[in-house]
Student: 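Following this message is one structure expressed as structure tokens.
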Amino acid sequence: MLALWVKSSGHGGCQLVDQLLLGISSHSQPFLEVIKCKAAVLWGLKQPLSIEEVEVAPPKAFEVRIKILATGICQSDNHVITGCLPVTFPIIIGHEATGIVESIGEGVTTVKPGDMVIPLCNSRCGKCSSCIHPRANSCMKYKFSDLLVMSDGTTRFTCRGKPIYHFLKSGTFTEYTVAEEISVAKIDAAAPPEKVCLIGCGFSTGYGAAINIAKVTPGSTCAVFGLGGVGLSVIMGCKAAGASRIIAIDINPRKFEKAKAVGATECINPKDYTKPISEVLKEMTGNSVEYTFEAIGNFETMIDALASCHESYGTSVTIGISLHSKMLTYDPMLLFTGRTWKGCVLGGWKGKEDFPKLVSNFMAKKFDLDQLITHVLPFNKINEGFDLLNKGESIRTVLTF
Ligand code: APR
Ligand code: ZN
Ligand code: ZN
């Protein structure tokens, strides 16, 4: 059994301390101790995040303890606060991050202390029909409630004597977290952590929806509903795929400048029209929108996005997360004529294999994450970050430690 130990050194940096403990079992590792650190704990629904001292237990077998370097605030985190995504409290949320492996549990072979990593928000078991399928990335084994604890059913966080749940089997609004090895992607150590953290969720979700799921073709016309971090990343994907017309839609016109900067050719505000946007788009394009994307999480816009793509050869991808346990009704004739309606998790990427490649593409300047980052705040200003999101002022706020 090999256990390795690293000690962090100041803001954003990490230094491997040469303490290699060879031949020591996980029960007797003197250096794999509980870490006390700061974390933002969500004690209940609709409460502000509370910066607390928490204890982070050492990683168990096939787990990794990570020192978080940077983490983005995503609308899905907000969904937990508002109750749209039901969880058990208290919990540490956050799921879009970069960090350095601090220590590893028994049996871990694919990462080592000192590696820069992105914890994956779509955990995998590695064995189910989806995990082994070359095109699938949504594990069949885990129900959402399974993702609040590690695989042995317990948590690695405690605060004031209480176990604290993990969001999506990690939780990144904390100085240290624990994740499962299978859900950790090793990335280029030279990558800027405060930028490539967005590859952990928002960027990949949108970009992959265009590239992997819709498979946007050169010269096509696309329409993107919702211009948050996800929608803007869809636009980047449509542009990278060679779309010639990209129509961006949002009720907040302050999002239009940024949408154009990342590749939108036109922007429209539903508030300027009385008819549905599907009708507006038909008129604007002579009924030629091939690909549409819903990046909001709203039933009406999901249906309107579906109706907006060409009735015979169009494809619509629903990305937004909607209120749990509510059903959507739609006219099946929308599909009967030939439309394709698709969904995706994390843009269809298999994170452990694909995120290192996306990071390399970022380093090769194939896309620009700076466009998505409107605010960088110190971790202790996390509630300000959520206020900016709720006021529609931010695209992505990145918290640094
Ligand atoms: N029509 C058009 N735009 C709308 C509407 C509407 N009815 N309602 C909201 N919007 C816009 C908002 O103004 C905002 O710009 O949708 C955008 C959503 O952006 P964010 O809130 O920043 O969300 P984002 O992080 O991009 O995630 C979008 O994808 O992964 C999911 O959970 C996530 O459901 C969320 C969605
Ligand atoms: Zn699986
Ligand atoms: Zn997210």
Side-chain angles (χ1 to χ4, degrees), residues 71-82 84-85 93-97 119-133 136-143 146-147 151 167-168 170 172 180 182-183 197-206 208-209 223-235 247-256 258-259 267-273 276-277 293-305 308 317-324 343-347 350 372 374 385-386 388-397:
T71 179
I73 296 179
C74 174
Q75 187 59 254
S76 303
D77 298 310
N78 213 23
H79 287 337
V80 176
I81 298 175
T82 60
C84 182
L85 275 177
I93 55 173
H95 61 282
E96 184 180 82
L120 309 181
C121 56
N122 66 335
S123 274
R124 287 159 66 185
C125 73
K127 294 176 188 148
C128 73
S129 56
S130 176
C131 283
I132 61 172
H133 193 280
N137 76 338
S138 185
C139 180
M140 311 297 294
K141 183 179 169 193
Y142 299 121
K143 294 192 294 291
D146 298 328
L147 303 177
S151 284
F167 185 41
L168 304 174
S170 64
T172 61
E180 289 169 1
I182 196 165
S183 300
C197 61
L198 300 193
I199 289 174
C201 179
F203 171 75
S204 305
T205 298
V224 182
F225 290 70
L227 305 175
V230 175
L232 293 177
S233 303
V234 173
I235 295 175
I247 304 168
I249 301 138
D250 203 296
I251 49 172
N252 180 353
R254 282 178 293 162
K255 302 289 174 100
F256 293 164
K258 190 66 83 163
C267 295
I268 55 177
N269 183 347
K271 289 185 174 166
D272 295 339
Y273 301 90
I277 289 302
F293 302 86
E294 203 276 358
I296 301 165
N298 173 308
F299 283 176
E300 264 180 47
T301 45
M302 285 176 191
I303 294 297
D304 208 25
S308 298
V317 184
T318 299
I319 311 167
I321 296 177
S322 50
L323 283 169
H324 72 100
C344 61
V345 174
L346 203 59
K350 281 185 182 283
L372 303 176
T374 49
F386 276 94
L388 289 164
L389 178 65
N390 287 321
K391 286 187 204 146
E393 286 173 16
S394 59
I395 299 296
R396 272 299 195 264
T397 295

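Just follow the structure's listing: the first ligand is 1, and inside any ligand the first atom is 1.
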Student: Show me which atoms of ligand 1 lie under 4.0 Å from any heavy atom of Ala295.
Tutor: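 Result: 18 (C), 28 (C), 36 (C).
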
Student: Has ligand 1 got any nitrogen or oxygen that is less than 3.5 angstrom from a nitrogen or oxygen of Thr301?
Tutor: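 In this structure, Thr301 places no N or O atom under 3.5 Å from an N or O of ligand 1.
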
Student: Would you confirm whether Asn122, through its side chain, and Ser138, through its main-chain N or O, come within 3.5 Å as a donor-acceptor pair?
Tutor: no

Student: Considering only non-hydrogen protein atoms, determine which one is nearest to atom 22 (O) of ligand 1 and report residue, atom name and distance to 0.1 Å.
Tutor: Gly228 CA, 3.4 Å

Student: Once you restrict to heavy atoms under 4.0 Å, what part of His79 touches ligand 1? Side chain, backbone, both or neither.
Tutor: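 The answer is the side chain of His79.
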
Student: I'd like to check Asn252 versus Leu227 (side-chain heavy atoms, cut-off strictly below 4.5 Å). Are they in contact?
Tutor: no

Student: Looking only at heavy atoms of Glu300, does any of them come nearer than 4.0 Å to an atom of ligand 1?
Tutor: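 No, that is not the case, since the closest heavy atom of the residue is not under 4.0 Å from the ligand.
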
Student: For Glu180 and Ser151, does a side-chain donor sit closer than 3.5 Å to a side-chain acceptor?
Tutor: yes

Student: For Phe225, enumerate each residue passing the ring pair (Phe, Tyr, Trp, His ring centres under 6.0 Å) test, keeping only those at least two apart in sequence or located in another chain.
Tutor: none

Student: Checking a contact table here: which protein heavy atom is nearest atom 27 (O) of ligand 1, and how many Å away?
Tutor: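 Protein heavy atom with the smallest distance to atom 27 (O) of ligand 1: Val230 CG2, 3.5 Å.
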
Student: Can you sort out which atoms of ligand 1 are near Leu227, meaning under 4.0 Å from one of its heavy atoms?
Tutor: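 Taking each heavy atom of Leu227 in turn, ligand 1 has 15 (O), 17 (C) under 4.0 Å.
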
Student: Below a 4.0 angstrom heavy-atom separation, can you tell me which part of Gln75, side chain or backbone, both or neither, approaches ligand 1?
Tutor: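 The part of Gln75 near ligand 1 is both the backbone and the side chain.
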
Student: Can you figure out which of Ala305, Gly392, Gly226 has its heavy atom closest to atom 16 (O) of ligand 1?
Tutor: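 Nearest heavy atom to atom 16 (O) of ligand 1 lies in Gly226.
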
Student: Would you say Glu96 and Thr172 make side-chain contact, with heavy atoms under 4.5 Å?
Tutor: no

Student: Do Lys271 side-chain atoms and Asp250 backbone N/O form a donor-acceptor pair below 3.5 Å?
Tutor: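 It does not hold such a pair.
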
Student: Where do Asp304 and Glu294 land on the side-chain contact (heavy atoms from CB on, under 4.5 Å) test, with the steps shown first?
Tutor: CA-CA 9 Å; Asp304 208 25; Glu294 203 276 358; over 6 Å; no

Student: Taking salt bridge (charged side-chain N to carboxylate O under 4.0 Å, His left out) as the cut-off, I'd like each qualifying pair that reaches into residues 120-129, sequence neighbours left out, listed once.
Tutor: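 Pairs touching residues 120-129 that pass the test: Arg124-Glu353.
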
Student: Can you sort out which atoms of ligand 1 are near Leu389, meaning under 4.0 Å from one of its heavy atoms?
Tutor: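 This gives 22 (O) as the contact atoms.
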
Student: Side chain, backbone, both or neither: which applies to Lys271 and ligand 1 if a contact is any heavy-atom pair less than 4.0 Å apart?
Tutor: neither

Student: Has ligand 1 got any nitrogen or oxygen that is less than 3.5 angstrom from a nitrogen or oxygen of Gly320?
Tutor: no

Student: Would Lys350 and Cys131 count as a side-chain contact (heavy atoms from CB on, under 4.5 Å) here? Give the steps.
Tutor: CA-CA 9 Å; Lys350 281 185 182 283; Cys131 283; 5.5 Å; no

Student: Nearest non-hydrogen atom to atom 2 (C) of ligand 1 belongs to which of Ile296, Asn78, Ile277, Asn252?
Tutor: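 Looking at heavy atoms only, Ile296 sits closest to atom 2 (C) of ligand 1.
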
Student: Could you count the protein N, O or S atoms found under 2.8 Å away from the Zn ion (ligand 2)?
Tutor: 4

Student: How about the Zn ion (ligand 3), which protein N, O or S atoms come within less than 2.8 Å?
Tutor: Cys74 SG, His95 NE2, Cys201 SG

